[in-house]
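All values below were derived from every heavy atom in this structure, side-chain atoms included, with hydrogens, water molecules and symmetry-related copies excluded. Just so we're on the same page: letters track the sequence lines, and every chain starts at 1. The structure displayed is predicted, hence computed values, not measured ones.
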Protein chains: 2
Amino acid sequence: MLKLSKKADYALMALQYMAMVRSGETSPFNPNRIVNTKEIAEEHHIPLELLAKVLQTLAKFDMVESQNGPKGGYLLAREPREITIAQVLEAIEGPLGIADCYHEKDEHVSCEQIEHCNIRTPLLRVQESIFHLLSSMSIEDMMAEPPLIIVESRKTKGVQL
Amino acid sequence: MLKLSKKADYALMALQYMAMVRSGETSPFNPNRIVNTKEIAEEHHIPLELLAKVLQTLAKFDMVESQNGPKGGYLLAREPREITIAQVLEAIEGPLGIADCYHEKDEHVSCEQIEHCNIRTPLLRVQESIFHLLSSMSIEDMMAEPPLIIVESRKTKGVQL
DNA sequence: GTCAGTCAAGACTAAAATGGTCGGAGATCT
DNA sequence: AGATCTCCGACCATTTTAGTCTTGACTGAC
């Protein structure tokens, strides 16, 4: 429940990676270098073609800029600070809302329950809180995190260092 | 995105309704009366059989008590205040987490990306916030809400009164 | 100009989650 | 005991998601 889709995961990973590269964190002598789909896919062990589709979507939403040809690839289109998690999720998965009835395009498909729906108002508050939370975090907030190492000793479960 | 499943919706509606009935809000002379699946389904215009399954699950998680036979039905098993939204969602949809890797049962199915996963820690913070939010709201908080009426005038979209 | 490497776009398949259905087991009342 | 009303749990259909494959267009280097 509440689980992010794989595509959303991949989008966040890719953006975070591009932000790190851009900052010079990964290759100090070459900030702002362009990265291509293959590099990101291999780095994170995710299927190339799927990631490609995700990056395409991000490009369509002006979060990254694409460059064709050899030595081509993608580049962040904005400051990491200006790309919120909420924006990314909406780009990948469409408008986010806890229930459909909060963002109906056409008014005629409204759910049958609506007039007896007793949970609409309280859930709306929940949704607003979550949306606010996701809007307050950006790609920048995902950088410079100490990587979480998992120690796989014999029979202990993953231990967080 | 972040959308609740129908089953989760139905569960919350049913619990809220049962809480209202129990409080005497709907039938002042008969608080604590037992309600059956059919009544809830008709009241909210939701498919009977599906709701039945949802209530079944809630019974398994000790949120409602079931009673068989004629005049049977369901009853809240706890105070509305003691049933949090988080508990309901977890009962219906399994443990909630933004990504799978936060609640692995067996350590061997861990995702391939884990050792290069750069978004794990920040997302964990997001997840904790959401979980806290959902844990802080109970069925009681969903009662006594002024129902949200939708006015369907000719060409205006739904207007909130 | 050719060629290799890159993004763009779509159709297609496979697998999983979700929504919805059915026949039967248990309890109550007459 | 029988009829009836209820919950229970296995079952099927549909939708969504994840992933693959193919084709095409653009760019830069040789």
Side-chain angles (χ1 to χ4, degrees), chain A residues 1-11 13-14 18 33-42 44-77 89 92-94 96 99-100 109 111-113, chain B residues 1-11 13-14 18 33-42 44-75 77 89 91-97 99-100 109 111-113:
Chain A
M1 184 61 226
L2 287 184
K3 197 160 62 71
L4 260 51
S5 70
K6 290 274 170 69
K7 286 202 285 190
D9 277 345
Y10 298 161
M13 286 186 210
M18 291 166 76
R33 69 173 243 269
I34 207 165
V35 296
N36 64 29
T37 310
K38 194 173 164 195
E39 173 182 345
I40 302 177
E42 287 178 352
H44 297 85
H45 297 93
I46 58 188
L48 176 68
E49 294 85 358
L50 191 52
L51 176 63
K53 246 186 347 192
V54 168
L55 289 173
Q56 270 178 48
T57 306
L58 292 180
K60 213 173 299 180
F61 279 79
D62 291 320
M63 296 184 178
V64 297
E65 283 172 4
S66 70
Q67 185 162 336
N68 248 341
K71 303 300 283 177
Y74 290 98
L75 216 52
L76 284 190
L89 297 186
I92 298 296
E93 318 212 355
L96 45 83
D100 294 320
V109 296
C111 70
E112 271 309 306
Q113 290 91 36
Chain B
M1 184 62 224
L2 287 184
K3 198 161 61 72
L4 259 51
S5 70
K6 290 269 171 74
K7 287 203 284 191
D9 278 345
Y10 297 162
M13 287 186 208
M18 291 167 76
R33 69 172 242 268
I34 207 165
V35 297
N36 64 29
T37 309
K38 193 173 164 194
E39 174 182 345
I40 302 176
E42 288 178 351
H44 297 85
H45 297 93
I46 58 188
L48 177 69
E49 295 86 357
L50 189 52
L51 176 63
K53 215 160 54 164
V54 169
L55 289 172
Q56 223 171 297
T57 307
L58 293 180
K60 213 174 301 179
F61 280 79
D62 292 320
M63 296 184 178
V64 298
E65 285 172 3
S66 69
Q67 187 162 334
N68 245 340
K71 301 302 281 176
Y74 290 97
L75 215 54
L89 297 186
I92 299 296
E93 317 214 354
L96 46 83
D100 294 321
V109 295
C111 70
E112 272 308 307
Q113 290 90 37

Quiz item: Sequence neighbours excluded, which residues qualify as side chain to side chain contact (heavy atoms under 4.5 Å, CB included) partners of L76(A)?
Solution: L15(A), M18(A), A19(A), R22(A), V64(A), P80(A), I83(A)
Quiz prompt | Spacing of CD1 belonging to I46(A) relative to NZ belonging to K6(A), to within rounding of 0.5 Å | solution = 11.0 Å
Exercise. Using a 4.0 Å cut-off on protein heavy atoms (strictly under), produce a 5'-to-3' string for nucleotides 23-30 of chain D with B for base contact, S for backbone-only sugar-phosphate contact, and - for none.
Key: ---BBS--
Exercise. To the nearest 0.5 Å, tell me how far K53(B) NZ sits from T57(B) OG1.
Key: 8.0 Å
Self-check item: Length of the line joining E65(B):CD and dC7(D):C1', which is rounded to integer Å
Solution: 14 Å
Under 3.5 Å, N/O pairs linking protein and nucleotides 13-18 of chain D:
{"residue": "dA18(D)", "atom": "OP1", "partner": "K6(A)", "partner atom": "N", "Å": "2.6"}

Quiz prompt | Under 4.0 angstrom between T37(B) side-chain N/O and dC7(D) OP1 or OP2 | solution = yes
Exercise. Please report, rounded to the nearest Å, how far the C1' atom of dG19(D) is from the CG atom of D9(A).
Key: 15 Å
Quiz item: Want to settle it: does G72(B) or K60(B) sit nearer the 5' end of DNA chain D, counting the closest nucleotide to each?
Solution: G72(B)
Practice problem: Using side-chain hydrogen bond (donor to acceptor under 3.5 Å, both in side chains) as the criterion, list what pairs up with E39(A), not counting sequence neighbours. | Solution: Y17(A), R33(A)
Quiz item: Between K7(B) and L50(B), does a side chain to side chain contact (heavy atoms under 4.5 Å, CB included) hold up when you go through it step by step?
Solution: CA-CA 8 Å; K7(B) 287 203 284 191; L50(B) 189 52; 4.1 Å; yes
Practice problem: Find which nucleotide of DNA chain C each of N36(A) and E49(B) is nearest to by heavy atoms, and output the residue with the more 5' nucleotide. | Solution: N36(A)
Quiz prompt | Separation of T37(B) OG1 from L55(B) CG (nearest 0.5 Å) | solution = 5.0 Å
Quiz item: Roughly how many Å is it from CG in L55(B) to P in dC8(D), rounded to a whole number?
Solution: 9 Å
Practice problem: Taking salt bridge (charged side-chain N to carboxylate O under 4.0 Å, His left out) as the test, write out the residues that go with E49(A), two or more places apart. | Solution: none
Exercise. List in chain and number order the residues that pass side chain to side chain contact (heavy atoms under 4.5 Å, CB included) with K38(A), two or more places apart in sequence or in another chain; answer none if no residue qualifies.
Key: N36(A), E42(A), L48(A)
Quiz item: 5' to 3' on DNA chain C, which nucleotides open and close the contacts with chain B (atom under 4.0 Å from a heavy atom)?
Solution: dG19(C) to dT28(C)
Quiz item: For A11(B), which residues count as a side chain to side chain contact (heavy atoms under 4.5 Å, CB included) partner, sequence neighbours excluded?
Solution: V54(B), L58(B), V88(B), I92(B)
Quiz item: Residues in side chain to side chain contact (heavy atoms under 4.5 Å, CB included) with Q56(A), at least two apart?
Solution: Y74(A)
